Amino acid sequence: MSIPSKYDAKKVEQKWYHYWIKHQYFQSKPDNRTPYTIVIPPPNVTGVLHMGHMLNNTIQDVLIRRARLKGKNACWVPGTDHASIATEAKVVAKLKEKGIEKNDLTRDEFLAHAWEWTHEYGGVILNQLKKLGCSCDWDRTKFTLDDDMSESVISVFVDLYNKGLIYRGYRMVNWDPKAQTTLSDEEVIYEEQQGHLYYVEYNIEGSSDRLTIATTRPETILGDSAICINPNDERFSHLKGKKAIVPLCNRVIPIIEDEYVDMEFGTGCLKVTPAHDENDKILGDKHKLEVIDIFNPDATLNSFGLHYEGQDRFEVRKQIATELKDQGHLVKIENHTHKVGTSERTKVVIEPRLSDQWFLKMEDLAKPALEAVLEDESIRLFPKKFNNTYRHWMENIRDWNISRQLFWGQQIPAYYYGDSKDDVVVAKTKEDALKLAKEKSKNPKLTAEDLKQDPDVLDTWFSSWLWPISVFDGIRNPNNDEINYYYPTNDLVTGPDILFFWVARMIVAGFEFKGQKPFENVYLTGLVRDKQRRKMSKSLGNSPDALKLIEDFSADGVRVGLLLSSAAGNDLLFDEALCQQGKAFGNKIWNAFRLIQGWKVEPIDQPEYAQKALDWYDAKFQQILTEIEDQFNKYRLSDALMAIYKLVWDDFCSWLLEMIKPEYGQPIDETSHKKVVHLLEQNLKILHPFMPFLTEEIWHYLKNRTPESALVVASWPQTKDYNAQLLHNFEITKEVISGIRNLRKQKQIPFKTSVEMQVLNKAKYTTQYDGLVAKLGNISQIKYVDASVDQAFSFRVGASDYFIVADIDLDVEAEISKIEEELRYTEGFLKSVQNKLSNQRFVTNAPEQVVANEKKKEADAIAKIETLKSSLSGLK
RNA sequence: GGGUCAUUAACUCAGUUGGUUCAGAGUGUUACCUUGACAGGGUAGAAGUCACUGGUUCGAAUCCAGUAUGACCCACCA
């Protein structure tokens, strides 16, 4: 079988992905193995893969592939989210291009367009995940608007309504004037903006006095229903009980008193606009003020806006300022920075607005979810610092506005049978609703036509909070085999930006609807940023094209690149150079494999050095294996990968292969070859979760494999005890070899020139590796001596001296000064150790172990000084 | 305004209960090497007042207090 000298990632990756799918390795069905389950954070159905997804899903794939290798029944459930606002906005925009307005369509017509769009673009992102190598069970792919998923959502709504946890309320909500829907508090992003503080004068009724208020939103004065002063503010005591006149519209409004007003801010006078500010609403309720809504749903002014009717709020703000100025009501304008709420999806400024919405009471629901994370820690967040954030949110949780004024989503199963808002019933189907309506209205003559379903749909998160349950049909069929087997799932991998949107709510839903946590561990990744630390975003154009990256660096390379520097919770500064490093690593492995496979194998005796080297690597592998087990348990994937990287590159390639490599043109013995192939296979196994394609390719080149023995379903290496002393001795051997190389370089002794070495070494604990030292140092002979060797170059490792006898003039002066320098350093070191030891408080207070160590350091230093002195006198 | 976390080499980060060479890794950089797996390579080296100030301790990158800078989260100051 001929092996290509260049690794063709594109071809290989396609080949093996097909192979894995064909042999159904990613499929999972309940059986008697332990399950290991991950549900994917469903991406937007019409989205495309970005760097965040790449990172996220690479991590999930690493975890799931490792679990599969460890013999678990690994199940990774993929799917997409209908993302109501985002998708609806895209559909609306697309229709607009065709000259179609959303308002001209019926609900069903609009939904038909939306589904068409979904079918056209939906799933693109899932195909991109396949390119990345993700080993999802594609037969389980779910969409949050699938019929069964929707049924689950509706049934949960009805259930919560019947429990009295869902209510309809007339409240101040966050209104997105562009999408023309409400948003939950979590969907509002507060951004600091440079604005102005307008000082506006109001006339006082029946007086020539005037008062000045400060406002950031002068356009809302048309909706003013009071002026508020602090009762303790003596500056305004003469105004108590009087009335003010709103400029422009000349409406007469009361001057009320409330301690809410901050006397320090602005003028100490506050205008009250209950329809357009949450605090004003509270004040308004308290003082029974009129509520004057001056906006249309798209944030243009309505008839209360007088001559500004139909114009946009920000346009009106400018014009009204001018008009106020012209009429002598504007005192001054100051610059003022403040936080403005914007829509997470459409980016427009949120308008606080009073409207009827559906809410879910969260307080009681949150309790078990809070305990699970913070008290019994049955759910663990990685990194742990998010516990605090989680606690704060959960303890201050507010009711969740779950209704959206959109078409794309599950329509709220509430049916009105009369003119009043209270003439409402909630049921899974219209038939059930009719039954209930007849009872409630005591009107048996009601027909289905009399029922009008609430036009709103549910917040998308109200479907995705059920995800770990509903993908296994655990809502509709609470005790089916799948949910019983797979739930609770094991790990959840997602970004901290949706900790509240999704993670916290899933935990709530898990306890409420399943009586159990939805997952054990939550791995929160960082944000992917560019080299300048800017967040990657479409608008900045700094986000690389995911598929292009895979094209350029191979899927394996990109995976390694992403993971190399992505400790959980830390932002990842993405740099293509990392992918390049990943790709180079792949190349290194490929070439190591080619070397091994290229050797001629013959049934000759195994040289001793080869056996020693292979035994050493065996132990080294075990050491690293143990280490990465620990790192995986702590979700330190980056560290685990780095440990493997160094194991393969440094220990396997640079040391082991160099040590067992036969002379050029010579064969290798069968025993060694068999063993090194085995060790390579072990490496491939632990590499496979990170670099699935390359490893599978080499795995099949090494031996003929049946589909059952593919690497993807191989077994993870067993951890065994290893000889730590052996590893320690070998490290010393490495130092000796480095010493030789170093000395050759300094003295310009070419590697091809074989030299003799003499060793002054009382312990002789590394003599077993003399063969290796001879091979890698090109040493003709190693002799052990009892005294320093004159006329030789020397170096020192530990307490031993190594002398290289070469036929080259020795610069005695240089040797002497080198030794003298080391002598000075060692004497200084000895002095500091002895100082410490003569400190009575140290000796009495420090633990025995530490004192003993210091004493050993002292003894070593004394011994070293002795040998240094003797070589010095030898040279002189 | 409240809170959380961070600050270690040129860059990105480890450093687990204070005590073994604990001042580390990867990248970059420097010098040299390189026809026989791999220049996407090899060998060797340089590089840090562990943000600052004080404290606790025999001993502090590590614990405590404060300061500075940055990031993030939360909150209704017009």
Side-chain angles (χ1 to χ4, degrees), chain A residues 3 5-6 172 185 190 197-198 213-217 220 228 260-262 264-273 277-283 336 338-339 341 352 383 385-393 396 496-497 499-500 526-527 531 533 557 564-567 569-573 575 577-578 580-581 583-599 630 634 636 638-639 641-643 645-646 649 653-654 657-658 661 663-665 737-738 741-746 748 750-751 829 836 839-847 849-854 856-857:
Chain A
I3 299 162
S5 65
K6 289 272 180 221
M172 187 66 80
D185 296 330
Y190 287 89
L197 198 54
Y198 300 80
I213 57 96
T215 178
T216 53
R217 302 195 60 188
T220 62
C228 190
Y260 163 76
V261 177
D262 180 351
E264 306 297 317
F265 189 88
T267 61
C269 267
L270 174 71
K271 73 185 202 62
V272 185
T273 321
D277 184 281
E278 183 150 14
N279 294 304
D280 289 11
K281 173 69 170 47
I282 295 166
L283 272 178
H336 179 68
H338 58 147
K339 295 276 183 100
K385 66 177 176 187
F386 286 108
N387 279 13
N388 288 322
T389 317
Y390 182 85
R391 176 201 306 277
H392 188 264
W393 192 74
N396 297 287
D497 48 335
L499 182 60
F500 305 138
L527 291 172
K531 266 191 283 186
R533 281 197 182 274
L564 271 177
S565 70
S566 65
N570 275 7
D571 286 356
L572 169 75
L573 269 59
D575 183 347
L578 289 168
Q580 182 55 44
Q581 197 185 343
K583 190 183 174 188
F585 184 42
N587 182 59
K588 185 74 183 177
I589 300 164
W590 180 251
N591 281 302
F593 151 69
R594 282 176 56 220
L595 173 68
I596 294 170
Q597 208 63 354
W599 285 331
D630 184 50
K634 293 173 181 157
R636 302 181 66 138
S638 191
D639 291 343
L641 174 58
M642 186 46 77
Y645 181 91
K646 286 194 274 192
W649 200 305
C653 296
S654 299
L657 295 184
E658 291 303 326
K661 188 193 255 181
E663 295 287 318
Y664 182 61
I737 292 166
S738 288
R741 285 171 174 165
N742 213 346
L743 203 128
R744 278 181 179 276
K745 189 180 165 189
Q746 277 170 23
Q748 301 195 311
F751 187 78
F829 177 76
K836 208 173 196 179
N839 181 341
Q840 202 50 46
R841 286 183 297 181
F842 171 73
V843 180
T844 47
N845 290 326
Q849 180 71 27
V850 176
V851 178
N853 265 317
E854 290 300 314
K856 184 172 182 299
K857 277 195 215 165

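Proteins come first, then strands; the chains are lettered A, B, ... in the order of their sequence lines, and each starts at number 1. It should be emphasised that the depicted structure is a prediction, and the values quoted were computed from it without experimental measurement.
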Next item on the list: Kindly write out the residues that satisfy salt bridge (charged side-chain N to carboxylate O under 4.0 Å, His left out) with A:Lys634, not counting sequence neighbours, or none if the list is empty.
Entry: A:Asp630
Notebook entry, point to check: In chain order, what residues pass the salt bridge (charged side-chain N to carboxylate O under 4.0 Å, His left out) check against A:Lys281, with sequence neighbours excluded?
Noted result: A:Asp285
Checklist line | For A:Trp393, all residues meeting ring pair (Phe, Tyr, Trp, His ring centres under 6.0 Å), sequence neighbours excluded | finding: A:Phe500
Notebook entry, point to check: Under the side chain to side chain contact (heavy atoms under 4.5 Å, CB included) test, which residues partner A:His392, sequence neighbours left out?
Noted result: A:Asn396
List, with names and distances, any nitrogen or oxygen atoms from the protein found under 3.5 Å away from nitrogen or oxygen atoms belonging to nucleotides 69-75 of chain B.
residue: B:A75; atom: N6; partner: A:Lys339; partner atom: NZ; Å: 3.1

Item checked: By side chain to side chain contact (heavy atoms under 4.5 Å, CB included) - contacts of A:Asp262 (at least two apart) -> A:Glu264, A:Phe265
Checklist line | With sequence neighbours excluded, residues passing salt bridge (charged side-chain N to carboxylate O under 4.0 Å, His left out) with A:Asp185 | finding: A:Arg398
Nucleotide N/O to protein N/O under 3.5 Å, stretch nucleotides 42-44 of chain B:
residue: B:G42; atom: OP1; partner: A:Lys588; partner atom: NZ; Å: 3.4
residue: B:G42; atom: OP1; partner: A:Trp649; partner atom: NE1; Å: 2.7
residue: B:A44; atom: OP1; partner: A:Ser738; partner atom: OG; Å: 2.8
residue: B:A44; atom: O3'; partner: A:Asn742; partner atom: ND2; Å: 3.4

Next item on the list: For A:Asp639, check salt bridge (charged side-chain N to carboxylate O under 4.0 Å, His left out) against everything at least two apart and list the hits.
Entry: A:Arg636
Checklist line | Non-neighbouring partners of A:Ala643 that pass side chain to side chain contact (heavy atoms under 4.5 Å, CB included), sequence neighbours left out | finding: A:Ile624, A:Glu627, A:Ile628, A:Gln631
Margin query: Restricting to ring pair (Phe, Tyr, Trp, His ring centres under 6.0 Å), what partner residues turn up for A:Phe593, sequence neighbours left out?
Written below: A:Trp590, A:Tyr701
Could you run down the sub-3.5 Å N/O contacts of the protein with nucleotides 58-65 of chain B?
residue: B:C58; atom: O2'; partner: A:Asn839; partner atom: ND2; Å: 3.3

